Number of protein chains: 2
Amino acid sequence: MPDFNDQLGQQGVTLADRVFARLRQAIVEGEIPSGTKISEPELAGEYGISRGPLRDAIGRLEACHLVERRPNVGARVVSLTQEDLLELYLLREALEGMAARLAAERMSGRDIDELRKLLKQHQERAELQEGIAYFQTEGDLDFHYRIIKASGNARLIKLLCDDLYHLMRMYRFQFGMASSRALIAFREHGHIVEAIADRDPEMAELIMRRHIRSSRINVELLFDEKAPKGAKATPAIRSAGAGNSAGAPPPL
Amino acid sequence: MPDFNDQLGQQGVTLADRVFARLRQAIVEGEIPSGTKISEPELAGEYGISRGPLRDAIGRLEACHLVERRPNVGARVVSLTQEDLLELYLLREALEGMAARLAAERMSGRDIDELRKLLKQHQERAELQEGIAYFQTEGDLDFHYRIIKASGNARLIKLLCDDLYHLMRMYRFQFGMASSRALIAFREHGHIVEAIADRDPEMAELIMRRHIRSSRINVELLFDEKAPKGAKATPAIRSAGAGNSAGAPPPL
DNA sequence: TACCCTAATATTGTCAACAATCGGACGACA
DNA sequence: TGTCGTCCGATTGTTGACAATATTAGGGTA
């Protein structure tokens, strides 16, 4: 259970912080479906707060690319498209490739050991429950998360962990991403750790890039399978839990 | 004269848009020096607006990493450090490398011709006024700008052109970046265009990455020269035009 | 019946006042 | 004299009301 961006427990200090964290979770996990219009008076009423901090929170969501805003019209939750997901993978290929390179240069031996342990846990879990599910959803992100952190590049870390990873999580919640590739991906993770342990930046970057590129191609194939030709903007598949519009959320 | 992010003329629709654009320019160009505290009442008074849209604008500046905010304390203009600049170069190496790769795959023949023309203009200008200055400041950014746009990856474009390039501009305004490397860089630009025209993505990415890496190393050397040992956080060098604190800015 | 123009409605953008929190100055005490 | 505690001032966070804009429903006309 990785804790992206300290969203757990430690709730932000200010009202806008808390409502931002909560809205982000609701959007990422699909509680507020893609394409939904964000009504300021309505949400303010539900959360029992004023429109001021709510607008602040919406602004931050926009900065994360989780909602889109048009002046004098309002904000909508982004609608996920196949095209955008593929663009996201290209970004990750470039950025996480660099992260792996830097990690190979700077990661401490101690952290490398920790990373190895993490992989062992993943293996056990995968063997145990055969539920490649866990591995490919949270476990995979956790692995990547650690390598990014190990890059030591604050800007890279912020970009990947604060923005892009919430988007990736959102895509995983909305599209299934069942991944017939889990075992292969797991082995690739092993190779990446080896390259890092060998202090071979070139190799670490190369393998990480191929790893992410393979994921992208896999996703591309899945899309072509489901929608042989057109289907240029497939919206969310799962309706994701019937939004609790009745019954206000617990107090902040 | 590239027009990063449509900041010219076409002023935003809403008040917050306009004050955001104006503040960003003031910060990037050093009119508001690094490290300055952003006082909401004061600025609101100067611009003749309320604190609401101003706070909105400050929030967007924070999303661009141009100001840093602490709850209940306030916002300050980011203080530029050598370390952060080097991190920025690493990001650019990864991202613009990918942009060059994509451009080689997708750039239209027409746009490639345009790019060649641009280089010719740069050459003439450089020869004419011998003022490598222009080339290395705005011209260089313009060249990179076009390749990024040609990548066709909306997310990549947004990231580089909306956020990172304003930061690069800010560093160029604050630190000199005189660049003894202008001529070499110009030739490298030529090689990049060739690789794109050859539809050789691997090569285009490789050269772009080396190009940016060379810039980074050059900057690193400059820093080591000026501050042989410590000097871990060199603040702005130029005081940049005596900030017009007296005399309110023209109306929005 | 289809299209366009007008007006009502609801939403967003903006403003000014209130409450909560932080930083610094002053003074008391060891 | 140095350190801690307290108070005050100022700034930020939040609120509710006002103004401006976009959407939608309705009626009139070709």
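Small disclaimer: the values here were computed from a predicted structure and weren't measured. What you see below is based on every heavy atom in this structure, not just the backbone, and it leaves out hydrogens, waters and symmetry mates. Below, chain A is the first sequence line, B the second, and so on; all start at residue 1.
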Engineer: How would you label the contact of B/Ile58 with the nucleic acid (heavy atoms, under 4.0 Å): base, sugar-phosphate, or nothing?
Structural biologist: nothing
Engineer: Under 4.5 Å between any side-chain heavy atoms of B/Leu156 and A/Leu90, yes or no?
Structural biologist: no
Engineer: Test your reading of the model: is there a side-chain donor-acceptor pair from A/Arg76 to the backbone of A/Gly35, 3.5 Å cut-off?
Structural biologist: yes
Engineer: Run the side-chain contact (heavy atoms from CB on, under 4.5 Å) check on B/Leu164 and B/Leu95 step by step: do they pass?
Structural biologist: CA-CA 11 Å; B/Leu164 298 188; B/Leu95 292 171; 3.9 Å; yes
Engineer: Any non-hydrogen side-chain atom of B/Met208 less than 4.5 Å from a side-chain atom of B/Arg101?
Structural biologist: no
Engineer: So do the side chains of B/Tyr145 and B/Leu160 get within less than 4.5 Å of each other, counting heavy atoms only?
Structural biologist: no
Engineer: Give the rounded distance in Å between these two atoms: CD of A/Glu40 and P of D/dA17.
Structural biologist: 17 Å
Engineer: Distance from B/Tyr165 atom OH to B/Glu96 atom CD, nearest 0.5 Å?
Structural biologist: 3.0 Å
Engineer: Atom NZ of B/Lys37 to atom C1' of D/dT11: distance rounded to whole Å?
Structural biologist: 7 Å
Engineer: If you define the side chain from C-beta out and look only at heavy atoms, does anything of A/Val77 sit under 4.5 Å from A/Ile38?
Structural biologist: yes
Engineer: Tell me, which of residues 65-73 of chain A have any heavy atom that sits under 4.0 Å from an atom in DNA chain C?
Structural biologist: A/Pro71, A/Asn72, A/Val73
Engineer: Please identify each residue that fulfils side chain to side chain contact (heavy atoms under 4.5 Å, CB included) with A/Ala44, with sequence neighbours left out.
Structural biologist: A/Arg51, A/Leu54
Engineer: Enumerate the protein-to-nucleotides 14-18 of chain C contacts in which both atoms are nitrogen or oxygen and the separation is below 3.5 Å.
Structural biologist:
residue, atom, partner, partner atom, Å
C/dT14, OP1, B/Thr14, OG1, 2.8
C/dT14, OP1, B/Leu15, N, 2.4
C/dT14, OP2, B/Thr14, OG1, 2.9
C/dC15, OP2, B/Ser50, N, 3.0

